[in-house]
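Quick caveat: nothing in here was measured; it's all calculated off a predicted structure.
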Amino acid sequence: MYCTRKITKDITYIGGSDRRLALFENIYPIPNGISYNAYFINDEKTAIIDTVDKSVSALFFENVAHVLGSRALDYVIVDHMEPDHAAALEELVLRYPQVKIVCNAKSSAMLKQFFSFDTDAHTLLVKEGDTLSLGAHTLAFYMAPMVHWPEVMVTYDETEQVLFSADAFGTFGALHGSIFADELPFGAAEFSEARRYYTNIVGKYGVQTLALLKKAAGLDIQMLCPLHGPVWRKDIAVFVEKYQTWGAYTPEQKGVFIVYGSVYGGTQNAAEILAAKLSEKGVPTAVYDASVTHVSYLVSEAFRYSHLVFAAATYNNDIFTPVEALLTDLKAHALKNRTVGLIQNGSWAPQSGKKMRELLESMQNMTVLPETVTVRSAVKEETLAELDTLCNALLASLSA
Ligand code: FEO
């Protein structure tokens, strides 16, 4: 049975949520599920903005049939070709063969890669700034390459001032009947999931994100309709400001994110002693075990904090692998503009500090403090003095 929600006079939500999927993109844990949003515009011409993932496609087609009634479907606008939004396109064309697929040239090429039907026969190509009249509604199209794929565009409804923002402004988590962010408690935990979504999915493309925000700044946006998570009709500026911060790789929180990779507890002990020393001085700290917390949460936290400390055992003459994986991921996501402290452990030949330093120094604008703390198996009195030195260096940097 259909399950839709009217979000303006003419626009209806026709997407769905998946609470069974363990890993989004087969990599990111989604303990609270995910929504795949799609929208319908009811006008002289009818239009759908994006389709959905195959997991919710049965509901989507019930919703489409319901909102159309006896009317024809004139357009489907493809803002993003990734299968979590485009998987239902071929079936949509089979069910509504007169539909025109409104997309850009890059999407048109991808249509041919993903599908085997005659895509050209259905395609209506648009480019930057083009408009499409549905009757009362005029849609304008703006390219948003690499937010998150190269073909991404966003669609702006000039009539109701609604921005269909594709993956931008998305959030992990299923919807709860309530569809607007202001109907939910959208507090710190929810912003954490929006941050984890942005940093992991789009984080590498900060420059392109800022370019999209610049275009969006020229539009009067009364409603923000992303492809995942709630719709925004209040406090849009708050979310836009978060995107400015994340896109510019600017820390949100002055404080220290400490992550450790520990085999028998010595490295963990050093990390926790440092956290206690910093906390005693009033510094916000967060401590994670890289072997326990999924790397997507750690990437998100690293984007959040101004100062990072990596503590790792030496393993196979290198960095203990969970910490090495995190550092590699942070480099892949182009994290920059952070001050970093290091703690290494090695029972006979400590090497992880040197290796971590090399990796961090290959990233952009990372200030690695010269004081590497060395633990030899377990923390001793002399290690405490080294931890004090690192603590003081972090305090000095935090107050600079
Ligand atoms: Fe939600 Fe890039 O797809």
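- The stretch residues 207-227 participates, sequence neighbours left out, in these salt bridge (Lys or Arg N to Asp or Glu O under 4.0 Å) pairs: Glu128-Lys215.
- By the 30° and 60° cut-offs, the orientation of the rings of Phe239 relative to Trp232 is tilted.
- Remark: the Asn104 side chain and the Ser107 side chain contain an N/O donor-acceptor pair separated by less than 3.5 Å.
- For the residue pair Ser296/Arg196, the side-chain donor-acceptor check at 3.5 Å is satisfied.
- Two rings, from Tyr249 and Phe303, have their centers less than 6.0 Å apart.
- Looking at Thr285, Val283, Val309, Val340 one by one, the single match for side chain to side chain contact (heavy atoms under 4.5 Å, CB included) with Leu394 turns out to be Val309.
- Side-chain polar atoms of Ser377 and Ser347 form a donor-acceptor pair below 3.5 angstrom.
- Applying the side-chain hydrogen bond (donor to acceptor under 3.5 Å, both in side chains) criterion to His85, with sequence neighbours excluded, gives Asp167, His228.
- A donor-acceptor contact closer than 3.5 angstrom is absent between the side chains of Thr389 and Glu371.
- The shortest non-hydrogen separation linking Gly266 to Asn345 is C-ND2, 4.0 Å.
- In this pair, Tyr297 and His294 present their aromatic rings perpendicular. The plane angle is above 60°, beyond the 30 to 60° band.
- Using modelled atom types and a 3.5 Å distance limit, the side chains of Asn337 and Asn365 yield a donor-acceptor pair.
- With sequence neighbours excluded, the residues satisfying side-chain hydrogen bond (donor to acceptor under 3.5 Å, both in side chains) with Lys277 are Asp388.
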What donor-acceptor contacts under 3.5 angstrom involve side-chain atoms of residues 21-32, with partners at least two apart or in another chain?
from, atom 1, to, atom 2, distance (Å)
Tyr28, OH, Asn200, O, 3.2

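- Contacts of Ser55 classified as side-chain hydrogen bond (donor to acceptor under 3.5 Å, both in side chains), with partners at least two apart in sequence or in another chain: Asp18, Asp53.
- Tyr264 meets the ring-ring contact (aromatic ring centres under 6.0 Å, His included) test with no other residue; sequence neighbours excluded.
- Aromatic ring pairs are classed by plane angle as parallel below 30°, tilted from 30° to 60° and perpendicular above 60°; the pair His122 and Phe117 is perpendicular.
- Note: Tyr198 and Tyr243 have perpendicular aromatic rings, judged against thresholds of 30 and 60 degrees for the angle between ring planes.
- Between the side chains of Thr4 and Asn63, no donor-acceptor pair is found at a separation under 3.5 Å.
- Between the side chains of Lys331 and Ser362, a donor-acceptor pair is found at a separation under 3.5 Å.
- Using a 3.5 Å distance cut-off with no hydrogens or angles, the side chains of Ser35 and Asn37 do pair a donor with an acceptor.
- Taking the six-membered ring where the residue is Trp, the centroids of Phe40 and Tyr13 are separated by 6.0 Å or more.
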